[in-house]
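What follows is a single structure, written as structure tokens, with notes after it.
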2 protein chains.
Amino acid sequence: MIVAMSRYDPSAFPPFAVTVDLVVLTVRDHALCALLVRRGEPPFQGYWALPGGFVRPDEGLAEAASRELAEETGLRAHSAPGHDAAGPGAAGAHLEQLATYGHPQRDPRMRVVSVAYLVLAPDLPTPRAGGDASGARWAPVAELLGQSPVDGVPLAFDHGLILADGVERARSKIEYSSLATAFCPAEFTVGELRRVYEAVWGVVLDPRNFHRKVTGTPGFLLPSGGTTTRQGGRPAQLFTAGGATVLNPPMLRPEP
Amino acid sequence: MIVAMSRYDPSAFPPFAVTVDLVVLTVRDHALCALLVRRGEPPFQGYWALPGGFVRPDEGLAEAASRELAEETGLRAHSAPGHDAAGPGAAGAHLEQLATYGHPQRDPRMRVVSVAYLVLAPDLPTPRAGGDASGARWAPVAELLGQSPVDGVPLAFDHGLILADGVERARSKIEYSSLATAFCPAEFTVGELRRVYEAVWGVVLDPRNFHRKVTGTPGFLLPSGGTTTRQGGRPAQLFTAGGATVLNPPMLRPEP
DNA sequence: GATCATAGTCGTCTCTCTGACGATAAGCAC
DNA sequence: GTGCTTATCGTCAGAGAGACGACTATGATC
């Protein structure tokens, strides 16, 4: 019986499966999008789900998340273990632990505890399907979180809840950190960064005030010297992410 | 082999033990304190550790944390599942998920994944030891996180790291939420609330500016009508926590 | 009971930052 | 060239924070 089990007796513990699930977010076409895979096996066969998989016996949680991310997208992630970690403007994606989901009935087959990770990545080509997934796609989170689920059906398991938590984390975190740069390529313009904020928050920001704010925050942006006209209009200065990870004072999210 | 295992095959998953660990914080004598228990069994026998235990097969993670908290302290917690949840000024403690720790070697006996929860509670009597703990005490976090570990030895397992993460979460969360009231009894004065901020942040705040800020934030404090002189000096108005959970604009933490 | 120490509460001033918005600059399409 | 787009600089009013003066109402001490 459980009640008779000593709380730390290793020979009599209730067995759990531990998985990682990934909320991979990017900004495409002015919209915040999440990576979904189509499940090729029951349960929820044919449903869209977050990428993820079992943690192996000899690997850490962040390590498992990194591995799944690489298998699924080819991305190299910098995990941010304690606090800051990622170097400025590096090519990979930002990865951080989101939360852990362990409702006893969240998987119909067995007791599964899933550690969710949040990944913020620059725009990528449409991912290949890999492993046991029969398809993969970028889906705008506005469709996923609105009243109308994808293709008329919700996500598998509790992945809709996990996705909502991940999106909320991303939305609030770009307020007080420089994480929005994780959605940009290594070199980007102030306007491109502003479009990231607009897509993630679903708002329109004043270009002049935004420019003043980000260029006036020490350590947020480093001028790289070049300019670009890839967005049309007047040539814009190119920047890379500065070393600052915390924005003080924060970027204020306007209310509706 | 693991690599041959289908990622969601329930019949061939690597078995893990899943535990919850609690970072229980309170403010005593102008200091932020954490609840520790002394381990009565190996490994780390005689070391101080965070309270916690195995998750039972039929209970959720927050449920397990709640149960352990009640067993250890007699506290009833309001978990805060999605966002807000706790009613204003209720008698119990605030409970929220902190993070999950699963380094392969974090427990010398076996693979254990631990979901840490953060509990913020008003000052309590010294807790009774329970279960397999041979003692329990409140320890000032300044001593625990400084260079000098308790009694010359660090905490068991990776609990020092978990504690540090919990303290950092508490410190940052009272900036932009009304969570500091969770450290106060149901009725409290502005000065008592200020002493909570001062203890958690380890700073001294201007009483006049603090008063203006908290009384000027709609929904943060509700006047309860009464007054008290329990802190000495001029009688102070009593308040209960208002319904607001988010502080906008936030309370600013002064820098050294 | 007068005095003092302790806290609480209200006001004022200055500085910084934000939001709103005008004006100018420098590319591209035609 | 004209028109359109985006980038960048500047100005101004209002909100909020830090610094601090002033006053109030208790209990403690002589």
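In what follows, chains are A, B, ... by sequence order, proteins preceding strands, each numbered from 1.
- Chain B approaches DNA chain C within less than 4.0 angstrom (heavy atoms of the protein), and the contacting nucleotides run 5' to 3' from C/dT6 to C/dT12.
- Under the salt bridge (charged side-chain N to carboxylate O under 4.0 Å, His left out) criterion, B/Glu175 pairs with B/Arg253, not counting sequence neighbours.
- Rounding to whole angstrom units, CG of residue A/Asn209 and P of D/dC9 are separated by 14 Å.
- If A/Arg212 and A/Thr229 are placed on DNA chain C by their nearest nucleotide, the residue sitting closer to the 5' end is A/Arg212.
- Separating the CZ atom in B/Arg76 from the CG atom in B/Leu95 is a distance of 13.0 Å, to the nearest 0.5 Å.
- Rounded to whole Å, the distance from CG on B/Leu252 to C1' on D/dG16 is 9 Å.
- For the pair A/Arg195 and B/Pro235, nearest-nucleotide mapping onto DNA chain D gives the more 5' position to A/Arg195.
- Remark: C1' of D/dT8 and CZ of A/Phe239 are 10 Å apart, rounded to the nearest angstrom.
- Rounded to whole Å, the distance from CD on B/Glu175 to P on D/dA17 is 13 Å.
- In summary, the aromatic rings of B/Phe210 and B/Tyr197 are positioned with their centroids under 6.0 Å apart.
- B/Leu50 and B/Leu35 get closest at one heavy-atom pair: CD2-O, 4.2 Å.
- The side chain of A/His211 sits closest to D/dC9 out of D/dA7, D/dC9, D/dG16.
- Across residues 196-208 of chain B, B/Arg208 each have a non-hydrogen atom less than 4.0 Å from an atom of DNA chain C (numbered order).
- Between the side chains of B/Asp165 and B/Tyr101, at least one donor-acceptor pair of N or O atoms lies under 3.5 Å.
- For the pair A/Lys213 NZ and D/dT8 C1', the interatomic distance rounds to 18 Å; values are reported in whole Å.
- In this structure, the side chain of A/Thr181 engages the main chain of A/Ser178 through a donor-acceptor pair within 3.5 Å.
- If you check the side chains of B/Asn248 and B/Tyr176, you find no donor sitting under 3.5 Å from an acceptor.
- Figure legend: B/Arg171 and B/Trp201 shown without cation-pi pairing, the cationic atom not lying both under 6.0 angstrom from the six-membered ring centre and within 45 degrees of its axis.
- Within 4.0 Å of B/Arg194, counting heavy atoms only, lie sugar-phosphate atoms of the nucleic acid but no base atom.
- The residue among A/Thr215 and B/Gly233 whose nearest nucleotide of DNA chain D is located toward the 5' end is A/Thr215.
- In summary, the side chains of B/Ser224 and B/Glu187 do present a donor paired with an acceptor at a separation below 3.5 Å, with no hydrogens or angles considered.
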